[in-house]
Amino acid sequence: MPPSADLRTLLERPVLEVAPLLLGATLRNGKVACRLTEVEAYDGPNDPGSHAYRGPTPRNSVMFGPAGHLYVYFTYGMHWCANVVCGLQGSASAVLLRAAEIVDGIDAARSRRPAARADRDLARGPARLCQALGIGREHNGHDLTTDPLTLEPSRACRDVRTGPRVGLRDAADRPWRFYLPDEPSVSAYRPAARLRGRP
DNA sequence: GCTCCGATTATCT
DNA sequence: GATAATCGGAGCG
């Protein structure tokens, strides 16, 4: 059985099973590779925190397709973030890649992330992760079994922590953020945007 | 380490 | 027209 079939079988499982299993996996784009340390699950139309909550739109259409493809979206007027589509086709579930440790091509990653003070900041946060790996709009819909941008699962990590998802206004109570303990690359938890000038 | 705040625009209501 | 699955810099401790 080719590795690509393994990956698909893994990713077709329910998103809440897939998300913790992606911790420790290697995401590679050409010569830069990283080991995932933090992810979040988004459970399709059932999940008020998901981009799929209000049904299909041009932006989220990749989420409604088959597992194993990348859903890349643009946010806050300047940042790209990447998700791995998972679950059965049509479930519109996905795992947001929130943080990682660079394990190969660190010089290239540094030059893409001039603002990073330390190596642990290179892929600390979903938009930083995309920047370090050179992921952008051209990768929306990309099949992760296809070079040069690939995902290689690892053995399941023993010690997986969970907590609330970062930056969400809705469904902030669901503990669907998964991360590895004692990893310097895990991003800081921030609750949903503060209400400015209003109690 | 923390908190506050501005940047900047695709997307959807 | 409002919002957003964020980031970096300034200021404080």
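None of these values were measured; they are calculated from a predicted model. The chains referred to below are lettered A, B, ... by the order of the sequence lines, with proteins before strands, and numbering in each begins at 1.
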| request: Using atom CZ of R169(A) as one end and atom P of dA5(C) as the other, report the distance to the nearest whole Å. | output: 9 Å
| field | Nucleotide dT6(C), atom P - distance to CG of D121(A) in whole Å | value | 16 Å
| request: Whole angstrom is fine here: how far is it from OH in Y189(A) over to P in dG1(B)? | output: 18 Å
| message | Rounded to whole Å, please give me the gap between CH2 in W80(A) and P in dA4(C). | response | 19 Å
| task | Report yes if at least one side-chain N or O of R128(A) is closer than 4.0 Å to OP1 or OP2 of dG8(C); otherwise report no. | result | yes
| query | Is D143(A) salt-bridged to R8(A), going by a charged N under 4.0 Å from an acidic O? | reply | yes
| message | I'd like to know if R110(A) and D119(A) make a salt bridge, using a cut-off of under 4.0 Å between side-chain N and carboxylate O. | response | yes
| said: Between E38(A) and R177(A), does any side-chain N to carboxylate O distance fall below 4.0 Å? | reply: yes
| Hey, is E183(A) close enough to R35(A) for a salt bridge, meaning N to O under 4.0 Å? | yes
| task | Assign R113(A) to base, sugar-phosphate, or nothing according to its heavy-atom contacts below 4.0 angstrom with the strands shown. | result | sugar-phosphate
| task | Sort out the partner of dT8(B) for me: Watson-Crick or G-U wobble, both distances under 3.5 Å, none otherwise. | result | none
| query | In whole Å, what is the span from the CG atom of L129(A) to the P atom of dA5(C)? | reply | 17 Å
| remark: Letter by letter from the 5' end, nucleotides 8-13 of chain B scores (B base, S sugar-phosphate only, - none; protein heavy atoms under 4.0 Å) BBSSSS
| Is it true that R113(A) and D121(A) make a salt bridge, defined as a side-chain N closer than 4.0 Å to a carboxylate O? | no
| query | Are R165(A) and Y42(A) in a cation-pi contact, defined as NZ or CZ under 6.0 Å from the six-membered ring centre and within 45° of the axis? | reply | yes
| task | Respond yes when some side-chain nitrogen or oxygen of R190(A) is under 4.0 Å from OP1 or OP2 of dA5(C), and no when none is. | result | no
| task | Report the distance from atom NE2 of H79(A) to atom P of dT3(C), rounded to the nearest whole Å. | result | 19 Å
| note | Rounded to whole Å, the CZ-P distance (R177(A) to dT6(C)) equals 11 Å
| When you match A115(A) and D170(A) each to their closest nucleotide on DNA chain C, which lands nearer the 5' end? | D170(A)
| field | Separation of dT3(C) P from Y73(A) OH (nearest whole Å) | value | 18 Å
| Mind checking who dA5(C) pairs with, Watson-Crick or G-U wobble, both distances under 3.5 Å? | none
| said: In terms of relative ring orientation, are W80(A) and F74(A) parallel, tilted or perpendicular, with 30° and 60° separating the classes? | reply: tilted
